[in-house]
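To start, the structure under review is shown below, and the notes come after it.
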Amino acid sequence: MDRAENALLEGLNPPQREAVTYRGPALLIVAGAGSGKTRVLTHRIASLLHSREAYPSQILAITFTNKAAGEMRERVEQIVGENARGMWISTFHSACVRILRREAENFGFTKAFTIYDSGDSRALIKRLVRDHDGDAFGFTPAGVQSRISKLKNELADAESYARQANMSDPAERLFVEIFADYQRGLQKANAFDFDDLIAQTVYLFRAFPKVADVYRRRFRHILVDEYQDTNHAQYALIHELTRPVGAGESDPYSVGGMMIFEPEKDPLLEGASLTVVGDSDQSIYAFRGADIRNISEFERDFPGAKVVLLEQNYRSTQNILSAANAVIGHNFDRKDKKLWTDSGDGEKIVGFTGYSQHDEAQFIADEIERLRKADVDYAEIAVFYRTNSQSRALEEIFIRAAVPYKIMGGTKFYERAEIKDALAYLIAVANPADEMAVRRILNKPRRGIGDVTETAIARYAADQQITFRDALANASALGVGPKIQAAIAHLDAVLVEATEKMLPASGELAPPTAVAEGLQLLLSKSGYLDALRASKDPQDEARVENLDELVAVAREFARNNPDGTVIDFLGEVALVADADDLDDATGSVSLMTMHTAKGLEYDTVFLTGVEEDLIPHRISAGEPGGPQEERRLFYVGVTRARQRLYLTLAMTRAQFGEVSVAMPSRFLQEIPAPLIDWRQSPGDVNSRGGMQSRALNARPGRGGQSGGWGSRGGSNRYGGDLVPKGTSIDKIANRIPAKVRDNGDMELATGDRIRHDDFGEGRVDAVTGEGAKRVAHVRFDDGATKKLLIKIAPITKL
DNA sequence: TTTATAACGCTTTTT
DNA sequence: GCGTTATAAA
């Protein structure tokens with residue numbers, strides 16, 4: 001082992017070293033949270049390159065997000081420099097796009113295929129459900145879409161599904177019909193959806209072993225990150241790629257001259273070596289088909305596989321790890337794994353219960369400001385929540401408290417209407433077969449082309465056996481008014497002009513700037529930008545800026561890919577997720593869902609909304625394995641924190657415009673009590689002498705919910721302190737009562753007089769809502785009116 | 001065809 | 001609470 005080799009191993013613990021240096025057909029690295037897996041992975045790649053066991057071009061490293069891929073490439077480059085070029089470090093999806101582009105002609109697509117994101121495919125499915133009268137059977141586009149997606153992830157197509165489905169059930173027959181039509185629709189549009197990218201690549205490899213062999217011969221070392229999140233199709237793809245080369249020679253498809261590569265006699269070459277890294281405790285994507293068995297049964301799938309366990313954590317304090325271990329330990333049927341650190345206990349976890357989500361948010365804002373004064377950088381603070389909708393309350397308070405923040409992965413840039421419109425213009429140029437894109441831009445901006453005209457175009461196209469796009473060129477033949485004819489002709493002319501710019505018919509290469517310029521041309525000459533500028537809707541100003549940004553993205557793309565065509569650009573754009581542009585959060589607090597948080601780490605983490613029905617989410621309760629997955633999600637959130645972890649919740653939460661009572665999450669009770677320092681525990685909130693609500697004090701007498709629900713302690717007529725007397729604190733971890741304050745079925749009617757612990761006496765003006773959500777509208781004697789949740793407000797009937 | 005209004009219903013996570 | 005969609009009116 002030479003010096004450079006030694007440098008690669010420096011600072012690694014023994015299991016990490018083993019993971020870097022082991023050589024064999026299959027290696028599973030079970031990497032607990034924060035155990036340095038990216039480091040191990042990059043060093044392993046560097047080690048392979050350094051020892052000349054592999055050329056860069058023989059390495060395929062697969063990650064889950066583009067961001068992770070970029071990071072890995074960067075870190076490998078830091079070690080091996082220029083040598084990193086030629087490696088494929090990419091996501092499953094972009095790797096498959098690369099392969100499919102090269103091989104598309106083998107199976108009825110062209111190189112110019114486009115990619116349908118979930119919105120696109122939803123739109124297509126929606127139309128099909130309508131056409132087939134699907135709602136008669138209770139079909140919703142979302143439901144059909146998720147069924148199709150699940151099936152594709154299992155590598156089933158409409159035909160194979162039909163074979164084993166109960167076809168005497170008319171609903172099943174209809175579903176199969178819609179599924180098949182959907183697939184035909186995609187094919188006709190020369191497009192793949194996300195799931196197809198993987199599945200079709202697998203089909204391609206299976207149907208054309210000679211094609212598969214090309215890639216098997218090329219990639220000798222395959223490394224897969226986040227293996228616990230792979231679904232069956234991705235698993236199958238890995239399997240296909242790691243098969244011995246030439247093994248498929250007897251396959252009937254390999255005769256017949258379909259393949260583009262000359263069949264040649266191959267000496268059987270053994271399969272590529274496979275390294276997978278994962279942590280079954282961090283599997284949080286089962287809902288979209290991730291199969292935890294891929295990792296738990298790895299040793300069975302790849303006999304002779306080596307397993308390396310990384311348990312030492314380099315990220316968090318022992319207190320945080322102990323809490324994480326305790327919670328995840330409640331999941332049964334998992335391999336026991338305990339994270340540990342040698343860096344000390346650190347601070348206690350801080351718990352806080354607010355009266356409302358605003359109160360909770362206020363606490364977080366106050367705490368952030370306090371940390372800020374202690375010289376903590378905003379960028380090292382993150383706030384996590386389970387659902388995107390929870391971010392609103394946080395935002396409101398943060399804005400008021402002047403806490404700079406950035407929402408990660410909120411409304412997605414590429415899902416904004418104006419961006420999708422702009423991309424549809426590009427698609428109309430790059431892949432005119434994609435009828436949906438053409439239809440989308442038909443009347444954007446408004447040109448007076450409505451339903452009637454659209455159908456006329458479609459009928460004409462069908463009659464003439466031409467595409468919808470080509471029908472636009474014959475506006476005069478459509479039998480529509482002259483004004484509309486002119487509008488269509490103008491649109492057609494703009495598209496033609498852009499096509500010449502971006503895809504010159506002469507065959508010469510368009511200049512790198514063509515995409516950005518073409519986009520600008522489309523947006524301005526189509527009148528799209530003018531329409532936005534003329535609009536009086538203030539949001540449209542922001543839309544113009546978004547479009548400017550898209551043009552900037554196109555320019556950036558041209559710089560990075562001088563040979564990139566508009567098709568390449570669209571392909572890249574279709575596969576960027578929002579997790580990918582997390583970087584520019586400098587100087588602001590990061591807000592994101594727990595799912596988005598995976599793979600990230602922060603000094604200080606606020607885990608908010610730690611309530612039943614939120615985490616675990618109520619929808620998960622009914623799904624098999626749901627609560628367990630929610631626990632893993634919680635575990636992921638907890639293990640993101642390096643030094644400080646806050647667990648916060650609220651007593652009441654407004655959801656769907658309704659206020660409801662929230663209960664502390666069961667996960668809180670799974671954390672040993674001594675680990676948490678409750679600033680205000682769920683118990684305190686209901687019992688006398690609890691701490692005061694800061695939110696209330698900050699804005700006394702403010703109407704609305706936050707002021708209204710809030711109450712400070714107060715005697716509880718129905719049981720006082722809900723922790724039974726004489727019970728040791730350990731038995732009831734964290735003193736979390738099973739119930740919050742409960743007034744039972746207190747009956748209130750208009751005209752009743754009540755006394756409120758904080759606001760004094762008043763008269764009930766009205767009662768709205770039902771059951772636990774009944775709300776009393778009370779006019780207090782000082783003139784203030786409040787809305788009070790009858791079940792839990794600290795009130796007594798007089 | 002477009003616009004205004006009402007009703008509706010849906011609310012988890014995402015490459 | 002929200003955005004989307006159906007319906008009615010201009």
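Considering only side-chain atoms of A:R392, the nucleotide from C:dG1, C:dT5, B:dT15 that sits closest is C:dG1. Side-chain atoms of A:S118 lie closest to B:dT15 of the nucleotides B:dT14, B:dT12, B:dT15. Distance from the side chain of A:R446 is smallest for B:dT3 among the nucleotides B:dT3, B:dT13, B:dT15. Side chain of A:T596, nearest nucleotide from B:dT12, C:dT4, B:dT14: B:dT14. For A:T387, whose side chain is taken as the heavy atoms from C-beta onward, the closest listed nucleotide among B:dT14, B:dT15, B:dT12 is B:dT12.
The pair A:E670-A:R631 counts as a salt bridge, with a side-chain nitrogen and a carboxylate oxygen less than 4.0 angstrom apart. Ionic pairing of A:E360 and A:R653 is present here: one or more N-O contacts between side-chain nitrogen and carboxylate oxygen are shorter than 4.0 angstrom. A salt bridge is absent between A:K152 and A:D157: the closest approach of a Lys/Arg side-chain nitrogen to an acidic carboxylate oxygen does not fall below 4.0 angstrom. Electrostatic pairing of A:R632 and A:E629 counts as a salt bridge here, judged by a charged N lying under 4.0 Å from a carboxylate O.
Between A:S149 and the phosphate of B:dT14, there is no side-chain N or O to OP1/OP2 separation shorter than 4.0 Å.
Nucleic acid contact class of A:D117 (heavy atoms, under 4.0 Å, all strands): none. Looking at heavy-atom distances under 4.0 Å, A:Y285 makes contact with sugar-phosphate atoms alone, never a base. In this structure, A:T453 reaches the sugar-phosphate backbone alone: every heavy-atom distance under 4.0 Å involves primed, P, OP1 or OP2 atoms, never a base.
For A:F192 and A:F109, the ring centers are positioned less than 6.0 Å apart.
Taking the six-membered ring for Trp and thresholds of 30 and 60 degrees, A:F219 and A:Y215 have nearly parallel ring planes, at less than 30 degrees apart.
Distance A:R122 CZ to C:dT4 C1': 12 Å, rounded to the nearest Å. Across the protein-nucleic acid pair, A:D291 atom CG and B:dT15 atom P stand 20 Å apart, rounded to whole Å.
Remark: the A:H93 side chain and the B:dT15 base include a donor-acceptor N/O pair separated by less than 3.5 Å.
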Atom pairs, protein N/O to nucleotides 7-10 of chain B N/O, distance under 3.5 Å:
none

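Residues A:I62 and A:D225 form no side-chain contact, since every pair of their non-hydrogen atoms from C-beta on lies 4.5 Å or further apart.
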